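Here's the structure, in structure tokens; my notes come after.
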Amino acid sequence: MEKPTKSHGRLSIKATVQPRALMRDKPVLAQAWTAKVITLFPQAFPGVLGASLTGKALDQGLWQLEPVDLRPFGEGKHRNVDDTPAGGGAGMVLRADVMGAAVEHTMRGVDRGRWPLIYLSPRGRPFTQATAERLSQAQGVTMICGRFEGLDQRIIDHYDIEEISLGDFVMTGGEIAAQAMIDATVRLLPGVLGNAESAEDESFSNGLLEHPQFTRPAVWQGRPIPDVLLSGDHGAVAKWRQAQSEELTQERRPDLWNAHQNDGDDT
């Protein structure tokens, strides 16, 4: 990994397109996992990422967030970032030259082999827990938030950008999807959850949906906690939870169940 040219411990000095207000931005941590987000709405970040465990981890320097405003890379007096679709059609398309300049600036100095470049798109491959785990093993990730009718295809081809979708639906932009994917990834970083077992026993961690959870009171509205969970028999509890996970997965996600069954056949 390339060392920062100027640093003191984990802190590094970095140039930006626009001058930053003194004493407002947090220092850049040279070794922290970093999410860079190219967006027309940098003010949307950190959003929910600044709350709960991800926000606490952000304050502690376990990861860092760098929104990159696309507008300053725009063309002309009004910093235009889009134009009409070639061949006609409704809407506008983000320009290749504008996004290319933003990508070059954002990816400068990073190792593409260990730093995925992702375009959030409804036509991309579905985001999964396995994707979050892969991203958490990288040095960081750069996400491009689309707007309007999308991004000029030449940018995707030229930079070999990976397209990922949050689900089979269309949103007005990629900012919410980016926050969701970053959240799913950051919680897998060392020290964020506090208890590593929490991530190992969740939905999708073993290809199945998570079993039901219960806590006090022992009886609520006439509904008791299942006896097996109060038995103290850890073996029986594990079997019950496994059975519940399998039943829920078969009922609600037959696609996951079939994949789970096929994985079992291969072992």
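Note: hydrogens, waters and symmetry copies are ignored here, and every other heavy atom, side chains too, is used. From a predicted model like this one, the values you see are computed outputs, not experimental measurements.
- Rounded to the nearest 0.5 Å, atoms CD1 (I118) and SG (C145) are 11.0 Å apart.
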Show the numbers, then the answer: is there a side-chain contact (heavy atoms from CB on, under 4.5 Å) between D69 and F41?
CA-CA 7 Å; D69 189 355; F41 300 96; over 6 Å; no
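- The shortest non-hydrogen separation linking D160 to R112 is O-NH2, 3.7 Å.
- Both V186 and I176 belong to a common hydrophobic cluster when Ile, Leu, Val, Met, Phe, Trp and Tyr are linked at side-chain heavy-atom distances under 4.5 angstrom.
- A 4.5 Å side-chain heavy-atom check between P122 and F169 finds every atom pair outside the cut-off.
- To the nearest 0.5 angstrom, R79 atom CZ is 10.5 Å from R71 atom CZ.
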Would W33 and S136 satisfy side chain to side chain donor-acceptor pair (under 3.5 Å), going step by step from the backbone distance to the final call?
CA-CA 8 Å; W33 186 92; S136 72; over 6 Å; no
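- Side-chain heavy atoms closer than 4.5 Å link hydrophobic residues (I, L, V, M, F, W, Y) into clusters, and following such links, even through other members, never connects L120 to V170.
- A donor and an acceptor atom, one from each side chain of T34 and W63, are nowhere located under 3.5 Å apart.
- Ionic pairing of R125 and E163 is not present here: no N-O contact between side-chain nitrogen and carboxylate oxygen is shorter than 4.0 angstrom.
- By the 6.0 Å contact criterion, CG on L248 is enclosed, its count of non-hydrogen atoms from other residues, nucleotides or ligands being greater than 12.
- Between the side chain of S245 and the backbone N or O of L209, at least one donor-acceptor pair lies under 3.5 Å.
- A salt bridge does not link R252 to E247: none of the charged nitrogens lies less than 4.0 Å from a carboxylate oxygen.
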Pair D59, K56 - check side-chain contact (heavy atoms from CB on, under 4.5 Å), show working.
CA-CA 5 Å; D59 290 338; K56 181 179 179 181; 5.7 Å; no
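- Across all non-hydrogen atoms, the minimal contact from F127 to A184 is CE2-CB, 3.8 Å.
- For the side-chain contact (heavy atoms from CB on, under 4.5 Å) criterion with L94, the lone passing option out of V81, I144, D83, I38 is V81.
- Taking CZ from R241 and CD from E210, the interatomic distance works out to 8.5 Å, rounded to the nearest 0.5 Å.
- Nearest heavy atoms, E162 versus I164: OE2-CD1, 3.6 Å.
- Scanning both residues, I155 and A96, for their nearest heavy atoms gives CD1-O, 3.1 Å.
- Contact check for E246 versus Q261: no side-chain heavy atoms found under the 4.5 Å cut-off.
- Atom CG of D157 is surrounded by more than 12 heavy atoms from other residues, nucleotides or ligands within 6.0 Å.
- For the pair F73 and D97, the minimum side-chain heavy-atom distance is 4.5 Å or more.
- Going from atom CD of E104 over to atom CE of M99 covers 12.5 Å, rounded to the nearest 0.5 Å.
- Between I182 atom CD1 and F45 atom CZ the span is 6.0 Å, to the nearest 0.5 Å.
- Taken together through direct or relayed side-chain contacts under 4.5 Å among Ile, Leu, Val, Met, Phe, Trp and Tyr, L65 and V48 form parts of separate hydrophobic clusters.
- With hydrophobic clusters built from ILVMFWY side chains whose heavy atoms lie under 4.5 angstrom apart, V93 does not share a cluster with Y119.
- Contact check for E251 versus W257: no side-chain heavy atoms found under the 4.5 Å cut-off.
- A side-chain donor-acceptor contact under 3.5 Å links T106 to the backbone of A102.
- Counting only heavy atoms from C-beta outward, the side chains of V237 and L229 approach each other to under 4.5 Å.
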Take E133 and L188 through the side-chain contact (heavy atoms from CB on, under 4.5 Å) test and state the conclusion after the steps.
CA-CA 7 Å; E133 292 172 355; L188 299 176; 3.6 Å; yes
Take I225 and R216, measure what side-chain contact (heavy atoms from CB on, under 4.5 Å) needs, and give me the verdict at the end.
CA-CA 8 Å; I225 294 176; R216 292 180 291 185; 5.6 Å; no
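- Applying the 6.0 Å contact sphere to CG of D227 captures no more than 12 heavy atoms from other residues, nucleotides or ligands.
- Proximity of a side-chain donor or acceptor of S165 to a complementary backbone N or O of G124 within less than 3.5 Å is not detected.
- Looking at heavy atoms from C-beta onward, V110 lies out of side-chain contact with Q139 at the 4.5 angstrom threshold.
- With rounding to the nearest 0.5 Å, the separation of OH in Y159 from CZ in R154 is 12.0 Å.
- Side-chain contact of Q179 with D183: a donor-acceptor pair under 3.5 Å is absent, judged by distance alone.
- Placement of M171 and M143 within a single hydrophobic cluster is found when ILVMFWY residues are connected by side-chain heavy-atom separations under 4.5 Å, directly or transitively.
- Using a 4.5 Å cut-off on side-chain heavy atoms (C-beta onward), L117 and V103 make contact.
- Within the 3.5 Å criterion, the main-chain N or O of T54 finds no donor-acceptor partner in the side chain of S52.
- In terms of heavy-atom proximity, A90 sits nearest to P85 at O-CG, 3.7 Å.
- Scanning both residues, G140 and P116, for their nearest heavy atoms gives O-CD, 3.1 Å.
- The shortest distance between side-chain heavy atoms of T84 and M92 falls below 4.5 Å.
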